[in-house]
Amino acid sequence: MTKYYLTTAIDYVNGAPHIGHAYEKIQTDVLARHYRQRYDDVFFLTGTDEHGIKIQKTSAAMGITPKELCDANANKFKECWAGLDISYNKFIRTTDKDHEAIIQKIFKKLQDNGDIYKHSYTGLYCTGCESFLSPRDLTEDGLCPDHLKKPEEVKEENYFFKLSKYKDRLIEHIKNNPDFIQPAFRANEVLNQLEHIEDISVSRSKDSVSWGVPVLGDDTQTIYVWIDALSNYITALGYDPENPSENFKKYWPADVQVIGKDILKFHTIYWPAFLMALDIPLPKTVLAHGWITIDQTKMSKSIGNVIAPKDVMETFNLEHPDAFRYFMMVTAPTGRDGNYSDMEFKERVNADLANNIGNLLNRTLNMLVKYFDGEIKSDFITASDNEIAKEAQKTVESVKSRFDKFEVAEAAQEIVNFANVVNKYVNDTAPWSLAKEEKITECAQVLYNVLESMRFIGAILAPYCPNICQDIYEQLNREEKAVDVKLDNLRWGEIPAGKLTEKEKIKPVFLRLDSEIAGAAKKV
Ligand code: ME8
């Protein structure tokens, strides 16, 4: 049995999901769906991060309890992921009772091991980060570089975690395991931060932060968000310091933990140090994605340019999320920042999904009906060593190796490049001329090559566009589901002889967003 365990960051529930949150969940979903086509047992975890001062303040300002705010917003995240076809296996909320109970045990174990001690402290707290910042982290004007707000000076007696004790082991781990931080160019940033690492506060006084898990045996202190939040990756599997569950033993360590670049330090310094202290193996890879801007501008409530996935769905009257999922995955090289604009979205999905892939299938099926009454004869079936078949098989291998490096955008490009090759092949061989010249077998074999190529494309594109690829499979009269195709079983020549389609059954799998037929879609 091969297993694969993936996680996303868990989102703060002080607001509703926007397309930046969606970017990460789609990226992880595409990875999960791809690995389901290769491995036996994939477990995909996501969820919400619900404790801390940010939630406490937002709910107070709204005149509701923190729990009411969490319930309302956690539901918005779940609804949003359902609308985007995010195929997670578990949704954890840090207010889940079983999670809270284990957090207390984890904290206790760290205390018993001597990794946590009490200490009086004056520090600069950024609510946006839910973290203390060192003066070195601030901008020249003394602001948090991510939230551009002045951190609050906090003077408290808190529990501290001996992060400095793990400094050398962390540096060694990062240097010896080049896969641990991906993309690799981010590792230096972490190594630089490690040079100045100090012990960190892991609790806040209950007087200042009451919305959180109390320290066991000391209810004047609340465990503050990072031990609570990061541990979700193991509590969700049923980790218990006294009795780790079967699921924990089966899935941990995580194969990839997907996060945004802004929380890299927490996932590649704090998290592995907590795991070392608990004597638990480290995740194999932490994959940091870039940030999504809107029209090249940072999304922010104050600018008023925050876009939710449903805004895009409504603007273009989309019946399923595939075009949005696809665009988000190709808007930037994996790991780099990307941008969303209505114009770029429309142009990109029209070019790749409608013109390149959708039209290719549509016109080939129409020719099959016109010249061969929609029927494949046994001498149409081509050998697996013809040039197009070889290109198809090579593309599957390139896509797999891109995914092995988490290069989701680059893998999509491999698929588009292959569709370009097949389009060029159709134009060069001109099956309409072959039909006119009565070169029947030649013409039929060209069509067969295209249909088989589409079957390959339907399988490898399914993680990005599960609905479109299912439609491709239905157009090809396939019984299996595109998302369920195991890539190692994808063999050339499996479209059988027999009736494949008829005129009435042919439908476009993706309409241009500005086409007349897409109709009700607003013109942008
Ligand atoms: O950081 N573009 O929660 P969060 C791309 N609760 N990704 C973005 C983004 C954007 N514009 N805005 C946010 C937290 N994200 C913590 C995580 S994990 C144990 C705890 C990403 O709601 C961000 O990088 O602020 C992060 O990975 C995720 O959304 C949740 O952000």
Side-chain angles (χ1 to χ4, degrees), residues 6-29 45-55 58 69-70 73-74 76-77 80-81 84 86 91-95 99 103 106 126-131 144 146-147 149 186 202 211-212 223-236 254 256-272 274-275 283 286-301 303 305-309 327-329 331-332 334-341 408-409:
L6 320 86
T7 65
T8 68
I10 49 172
D11 305 302
Y12 287 128
V13 283
N14 57 318
H18 56 58
I19 66 171
H21 299 119
Y23 178 68
E24 176 176 287
K25 290 3 176 218
I26 297 170
Q27 184 167 333
T28 316
D29 188 60
L45 174 72
T46 192
T48 41
D49 188 357
E50 305 194 357
H51 292 128
I53 191 77
K54 210 189 306 218
I55 312 286
T58 310
L69 178 67
C70 292
N73 281 342
K76 288 187 192 160
F77 278 89
C80 186
W81 303 157
L84 293 177
I86 305 298
F91 190 100
I92 187 169
R93 298 179 56 184
T94 54
T95 50
H99 168 84
I103 291 306
I106 288 176
C126 170
T127 305
C129 297
E130 289 285 13
S131 175
C144 161
D146 282 339
H147 298 94
K149 293 216 172 101
R186 297 240 175 250
V202 285
W211 181 240
I223 299 173
Y224 106 75
V225 292
W226 287 97
I227 284 196
D228 174 14
L230 290 162
S231 304
N232 91 85
Y233 304 130
I234 52 175
T235 63
V256 62
Q257 303 209 262
V258 183
I259 53 151
K261 63 179 186 179
D262 57 317
I263 50 173
L264 188 63
K265 174 175 83 181
F266 302 108
H267 283 80
T268 55
I269 298 180
Y270 294 15
W271 177 225
F274 294 152
L275 289 170
V286 173
L287 174 66
H289 59 75
W291 265 41
I292 297 296
T293 51
I294 305 285
D295 298 325
Q296 310 296 344
T297 312
K298 192 173 171 178
M299 245 186 296
S300 104
K301 274 191 200 155
I303 301 177
N305 65 344
V306 178
I307 295 189
F327 177 78
M328 293 306 274
M329 290 303 94
T331 176
T334 310
R336 304 284 178 177
D337 293 344
N339 185 55
Y340 175 87
S341 75
V408 176

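Sequential numbering from 1 along the given sequence is applied to the chain's residues. Counting starts at 1 for both ligands and their atoms, in listed order.
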| said: Please check: side-chain N/O of Thr94 versus main-chain N/O of Ala229, any donor-acceptor pairing under 3.5 Å? | reply: no
| query | Is the centre of the Tyr233 ring less than 6.0 Å from the centre of the Trp271 ring? | reply | yes
Ligand 1: which protein N/O atoms lie under 3.5 Å from its N/O atoms?
unit_1: ligand 1; atom_1: 2 (N); unit_2: Ile292; atom_2: N; d: 2.9
unit_1: ligand 1; atom_1: 6 (N); unit_2: Ile10; atom_2: O; d: 2.8
unit_1: ligand 1; atom_1: 6 (N); unit_2: Asp49; atom_2: OD2; d: 2.7
unit_1: ligand 1; atom_1: 7 (N); unit_2: Gly20; atom_2: O; d: 3.3
unit_1: ligand 1; atom_1: 11 (N); unit_2: Ile292; atom_2: O; d: 3.2
unit_1: ligand 1; atom_1: 22 (O); unit_2: Tyr12; atom_2: N; d: 2.9
unit_1: ligand 1; atom_1: 22 (O); unit_2: His21; atom_2: NE2; d: 3.4
unit_1: ligand 1; atom_1: 24 (O); unit_2: Asp262; atom_2: OD1; d: 2.6
unit_1: ligand 1; atom_1: 24 (O); unit_2: Trp291; atom_2: NE1; d: 3.4
unit_1: ligand 1; atom_1: 27 (O); unit_2: Glu24; atom_2: OE1; d: 2.5
unit_1: ligand 1; atom_1: 27 (O); unit_2: Gly260; atom_2: N; d: 2.9

| said: The criterion is ring pair (Phe, Tyr, Trp, His ring centres under 6.0 Å); which residues satisfy it with Tyr270, sequence neighbours excluded? | reply: Phe266
| said: So for atom NZ, which belongs to Lys298, do other residues, nucleotides or ligands contribute more than 12 heavy atoms lying within a distance under 6.0 Å? | reply: yes
| Worked verdict on Tyr340 versus His18 for ring pair (Phe, Tyr, Trp, His ring centres under 6.0 Å) | CA-CA 12 Å; Tyr340 175 87; His18 56 58; over 10 Å; no
| If we ignore angles and hydrogens, is there a donor and acceptor under 3.5 Å between the side chains of Gln257 and Thr7? | yes
